[in-house]
Amino acid sequence: HVQLQASGGGLVQPGCSLRLSCAASGRTASGYVMGWFRQAPGKEREFVAAMSWSGGSTGLGDSVKGRFSISRDRDRNMMSLQMNSLKPEDTAVYFCAVRSTGRVVFSAWSSVGSYDYWGQGTEVTVSS
């Protein structure tokens, strides 16, 4: 099993930056894809970003391209989501997730069902 702990959320003003972190523990060596999703009140969970376990490939949701980036610190078993130029519509609970049950095609990285383990979520509010 893999345990994930997301942190770094908070209240920020529009245009500001925030960095989310996700600490992984357990059988982290068996991962294939790691990702970030978000869920705003009354909406479905939305894909934000994903990265292959090796770090060689990344993907971003259309709404965050050019503003967000995903990275990983393999030595510390952590992954991060750097969020720049935040907008009020970025307000949501952000979840980190890992897929550990085999490879999946790149086009499936944005699917909630592709991930086996989820963190508890960290809340981000963008408001003036």
Side-chain angles (χ1 to χ4, degrees):
H1 293 285
V2 178
Q3 293 80 42
L4 302 172
Q5 180 74 35
S7 62
L11 171 64
V12 295
Q13 294 185 338
C16 289
S17 299
L18 201 60
R19 187 177 183 88
L20 304 183
S21 296
C22 180
S25 60
R27 297 190 62 182
T28 55
S30 62
Y32 289 90
V33 182
M34 50 190 175
W36 288 94
F37 287 75
R38 66 186 182 186
Q39 188 164 19
K43 295 188 177 181
E44 294 185 353
R45 196 163 293 192
E46 176 191 16
F47 171 71
V48 176
M51 170 180 279
S52 61
W53 205 251
S54 66
S57 299
T58 60
L60 291 169
D62 289 340
S63 62
V64 304
K65 285 180 179 176
R67 301 187 297 123
F68 291 14
S69 62
I70 185 173
S71 62
R72 181 188 181 192
D73 184 337
R74 301 187 70 169
D75 292 338
R76 297 175 60 198
N77 268 345
M78 294 187 68
M79 66 173 175
S80 298
L81 182 69
Q82 178 66 40
M83 306 186 295
N84 299 327
S85 302
L86 283 161
K87 304 175 181 180
E89 50 263 44
D90 294 319
T91 295
V93 177
Y94 284 71
F95 300 88
C96 54
V98 165
R99 175 180 177 86
S100 66
T101 52
R103 298 186 185 278
V104 62
V105 295
F106 180 79
S107 59
W109 286 13
S110 60
S111 173
V112 169
S114 294
Y115 296 84
D116 310 302
Y117 299 100
W118 293 83
Q120 85 291 354
T122 184
E123 189 169 2
V124 173
T125 302
V126 184
S127 175
S128 55

Asker: In Å, rounded to the nearest 0.5 Å, how long is the span from OG of S85 to CZ of R67?
Answerer: 7.0 Å

Asker: Would you say V112 ends up clustered with Y32 if hydrophobic residues are merged whenever their side chains have heavy atoms under 4.5 Å apart, either directly or through other cluster members?
Answerer: yes

Asker: I'd like to check C96 versus M34 (side-chain heavy atoms, cut-off strictly below 4.5 Å). Are they in contact?
Answerer: no

Asker: Rounded to the nearest 0.5 Å, what separation is found between the OG1 atom of T58 and the CZ atom of F106?
Answerer: 7.0 Å

Asker: Check A49 against L60 and note the closest heavy-atom contact, atom names and distance.
Answerer: CB-CD2, 3.5 Å

Asker: Test side-chain contact (heavy atoms from CB on, under 4.5 Å) on V98 and W53; report intermediate values, then the result.
Answerer: CA-CA 9 Å; V98 165; W53 205 251; 3.9 Å; yes

Asker: Could you see if F47 belongs to whatever hydrophobic cluster contains V93? Use Ile, Leu, Val, Met, Phe, Trp, Tyr and a side-chain cutoff under 4.5 Å.
Answerer: yes

Asker: With hydrophobic residues grouped by side-chain heavy-atom distances under 4.5 Å, do V104 and F37 end up in a single group?
Answerer: yes

Asker: With the 4.5 Å side-chain cut-off for hydrophobic clustering, are V12 and W36 part of the same group?
Answerer: yes

Asker: Check D90, L86, L11 against T125 for a side-chain contact (heavy atoms from CB on, under 4.5 Å) and give me the one that passes.
Answerer: L11

Asker: For E44, look at atom CD and say whether over 12 heavy atoms of other residues, nucleotides or ligands are found less than 6.0 Å away.
Answerer: no

Asker: Restricting to non-hydrogen atoms, name the atom on V124 and the atom on G9 that form the minimum distance, rounded to 0.1 Å.
Answerer: CG2-CA, 4.1 Å

Asker: Measure the shortest side-chain to side-chain distance between R45 and W118 over non-hydrogen atoms and say whether it is less than 4.5 angstrom.
Answerer: yes

Asker: For the CD atom of Q82 and the OG atom of S21, what is their distance to the nearest 0.5 Å?
Answerer: 9.5 Å

Asker: Do M51 and R72 come close enough that some side-chain heavy atom pair is under 4.5 Å?
Answerer: yes

Asker: What pair of heavy atoms forms the shortest contact from S127 to P14, and how long is it?
Answerer: C-CD, 3.6 Å

Asker: Drop me the distance from E123's CD to L20's CG, to the nearest 0.5 angstrom.
Answerer: 11.5 Å

Asker: Should the pair F68 and Y94 be assigned to parallel (<30°), tilted (30 to 60°) or perpendicular (>60°) ring geometry?
Answerer: tilted

Asker: Any side-chain heavy-atom pair from S63 and R38 closer than 4.5 angstrom?
Answerer: yes

Asker: Should S52 and W109 count as side-chain neighbours, where that means a heavy-atom distance under 4.5 Å?
Answerer: yes

Asker: Quick one: closest heavy-atom pair of A23 and M78, and the distance?
Answerer: CA-CG, 4.1 Å

Asker: Check whether Q120 reaches the backbone of Q5 with its side chain - one donor and one acceptor, N or O, closer than 3.5 Å.
Answerer: no

Asker: Working to the nearest 0.5 angstrom, can you tell me the gap between C22 SG and L81 CG?
Answerer: 10.5 Å

Asker: Hey, does the side chain of R99 reach the backbone of V33 with a donor-acceptor pair shorter than 3.5 angstrom?
Answerer: no

Asker: To the nearest 0.5 Å, what is the distance between CE on M83 and CG on L18?
Answerer: 4.0 Å

Asker: Between K65 and D62 (salt bridge meaning N to carboxylate O under 4.0 Å), is one present in this structure?
Answerer: yes

